[in-house]
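What follows is a short report on a single structure.
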2 protein chains.
Amino acid sequence: MLVSHMAKHEPDLSRLFHALADPTRRTIVTRLAEGPAPVTELAKPTGLRLPTVMRHLSVLEEAGLIATSKDGRVRSCAIVPEALAPVRTWLDEQREIWEARLDRMDDYVMKLMEERAK
Amino acid sequence: MLVSHMAKHEPDLSRLFHALADPTRRTIVTRLAEGPAPVTELAKPTGLRLPTVMRHLSVLEEAGLIATSKDGRVRSCAIVPEALAPVRTWLDEQREIWEARLDRMDDYVMKLMEERAK
DNA sequence: AGAAAACTTAGCCAACTGGCGAAGTTTCCC
DNA sequence: GGGAAACTTCGCCAGTTGGCTAAGTTTTCT
């Protein structure tokens with residue numbers, strides 16, 4: 001894998017979480033998971049104006065969650081499914097830390113019980 | 001299952017994602033995954049002032065990610081590990097939608113190939 | 001009692017957000 | 001050529017955020 005490709009899409013968790021923190025943007029992501037769509041089609045169900053939706057789309061794009069390309073006067077938006085990986089990884093890391101702690105607590109309790117059994 | 005528990009069927013993903021969108025708050029969550037800690041101990045590594053950290057903590061608490069309790073003059077903060085479940089669920093849902101789409105595309109391609117083989 | 005510790009509240013501020021309407025720009029169709 | 005479609009850019013606005021300092025409050029220590 002080329003470094004130049006990695007530099008562009010840092011696993012910027014803050015950007016990712018921020019992008020996902022808006023219900024409109026999550027709706028768009030869910031819609032795009034079903035397949036690509038032009039901006040106007042994404043805007044319709046939201047009831048928001050185009051400039052507003054454009055803003056949401058650029059937040060999603062800057063977070064690396066979607067990719068867009070223009071064909072004629074239509075901009076097609078598509079999801080970038082692997083973009084969610086860093087989020088999943090972070091969640092897994094938290095769970096690992098938590099479980100490691102539970103294990104240590106288990107050990108501690110076991111030791112206490114052994115002491116007591118003497 | 002009690003209705004009161006189901007009533008908020010839509011867990012507050014916006015609050016959760018927003019809470020996790022700040023690096024300071026993620027650092028606090030990670031620290032708390034290792035075990036409970038008082039406010040001052042959480043503040044130390046951040047280099048931020050206490051009121052600022054308090055604000056971060058209340059954002060985390062309102063998102064349900066941490067729980068706090070006061071013992072004497074010390075407020076102890078602890079993680080609520082199951083609070084991350086809705087985030088994980090949402091990610092899983094997105095993946096499901098995406099994979100269902102891939103399956104449909106597979107079917108489509110298979111059909112095309114069959115047509116061609118005629 | 002008096003000081004120190006550990007919050008807690010209040011208020012200030014600059015920057016960011018999410019919405020809007022108005023006015024472009026580029027393509028497409030007749 | 002001219003109008004409609006589909007963005008795109010601009011600038012406005014109210015509300016939120018994340019940082020701070022200053023000034024409480026409650027407990028604990030001596």
Side-chain angles (χ1 to χ4, degrees), chain A residues 10 12-32 35-80 87 90, chain B residues 10 12-32 35-80 83 87:
Chain A
E10 306 169 45
D12 197 336
L13 282 172
S14 295
R15 252 181 232 281
L16 279 172
F17 278 125
H18 170 70
L20 297 174
D22 183 278
T24 300
R25 289 196 289 264
R26 284 197 306 279
T27 301
I28 291 175
V29 166
T30 301
R31 163 64 190 81
L32 289 181
V39 177
T40 306
E41 188 186 319
L42 293 174
K44 218 175 299 174
T46 67
L48 298 173
R49 299 296 184 171
L50 230 54
T52 307
V53 174
M54 288 290 291
R55 190 87 203 89
H56 282 307
L57 290 175
S58 71
V59 169
L60 287 171
E61 191 166 17
E62 274 167 34
L65 284 165
I66 70 171
T68 75
S69 62
K70 207 158 180 185
D71 180 21
R73 60 184 161 169
V74 177
R75 174 168 301 277
S76 181
C77 307
I79 203 163
V80 179
V87 176
W90 188 84
Chain B
E10 252 178 287
D12 210 337
L13 282 172
S14 295
R15 254 181 232 279
L16 279 172
F17 279 123
H18 170 70
L20 296 174
D22 183 278
T24 300
R25 289 196 289 263
R26 285 198 306 278
T27 302
I28 290 175
V29 166
T30 301
R31 162 63 190 80
L32 288 180
V39 178
T40 306
E41 188 185 319
L42 293 173
K44 218 174 301 173
T46 67
L48 298 173
R49 300 295 184 170
L50 228 55
T52 307
V53 174
M54 290 288 292
R55 192 87 203 90
H56 283 307
L57 290 175
S58 70
V59 169
L60 287 170
E61 191 166 17
E62 273 166 35
L65 284 166
I66 70 171
T68 75
S69 62
K70 208 159 181 186
D71 181 21
R73 61 182 162 171
V74 177
R75 175 168 299 276
S76 181
C77 307
I79 204 165
V80 179
V87 176

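The sequence lines fix the lettering, A, B, ..., with proteins before strands; numbering per chain opens at 1.
- A close approach under 4.0 Å does not occur between any side-chain nitrogen or oxygen of B:Lys70 and OP1 or OP2 of C:dA6.
- Rounded to whole Å, the distance from CD on A:Glu61 to P on D:dT8 is 10 Å.
- Between the B:Arg25 side chain and the B:Ala19 main chain, a donor and an acceptor come within less than 3.5 Å of each other.
- B:Ser14 places a side-chain N or O within donor-acceptor distance of the main-chain N or O of A:Ala21, the cut-off being under 3.5 Å.
- For the pair B:Asp22 CG and D:dT16 C1', the interatomic distance rounds to 14 Å; values are reported in whole Å.
- Which of C:dT8, D:dT8, D:dC7 sits closest to the side chain of B:Pro51 comes down to C:dT8.
- Of the side-chain N and O atoms in B:Arg49, one or more sit less than 4.0 angstrom from OP1 or OP2 of D:dT21.
- Taking atom CD of B:Glu41 as the reference point, atom P of C:dC7 lies 10 Å away to the nearest angstrom.
- Within the 4.0 Å cut-off from OP1 or OP2 of C:dT17, at least one side-chain nitrogen or oxygen of A:His18 is found.
- Distance, A:Glu62 CD to C:dG18 P: 12 Å, rounded to whole Å.
- The side chain of B:Thr52 contributes no N or O atom lying less than 4.0 Å from OP1 or OP2 of D:dG18.
- Following rounding to the nearest Å, B:Lys44 (NZ) and C:dA5 (P) show an atom-to-atom distance of 12 Å.
- Rounding to the nearest 0.5 angstrom, the gap separating the SG atom in A:Cys77 from the CG atom in A:Leu32 is 6.0 Å.
- The aromatic rings of A:Phe17 and A:Trp90 sit perpendicular, their planes meeting at an angle over 60°, well past the 30° parallel limit.
- Distance A:Leu50 CG to C:dT25 C1': 14 Å, rounded to the nearest Å.
- Residue-level contact check: A:Pro38 touches the backbone only, with heavy atoms under 4.0 Å from sugar-phosphate atoms and none from bases.
- A:Thr24 OG1 to A:Arg55 CZ: the interatomic distance, rounded to the nearest 0.5 Å, is 13.5 Å.
- A:Thr40 comes within 4.0 angstrom of the backbone, heavy atoms only, and of no base.
- Checked against C:dC7, D:dC20, D:dC7, the side chain of B:Leu48 finds its nearest nucleotide in D:dC20.
- One atom, CZ of B:Arg75, and another, C1' of C:dA5, lie 16 Å apart when rounded to the nearest Å.
- Protein atom NE2 of B:His56 is 12 Å distant from nucleotide atom P of D:dT17, rounded to whole Å.
- Among the atoms of the strands shown, none is found under 4.0 Å from any heavy atom of A:Arg55.
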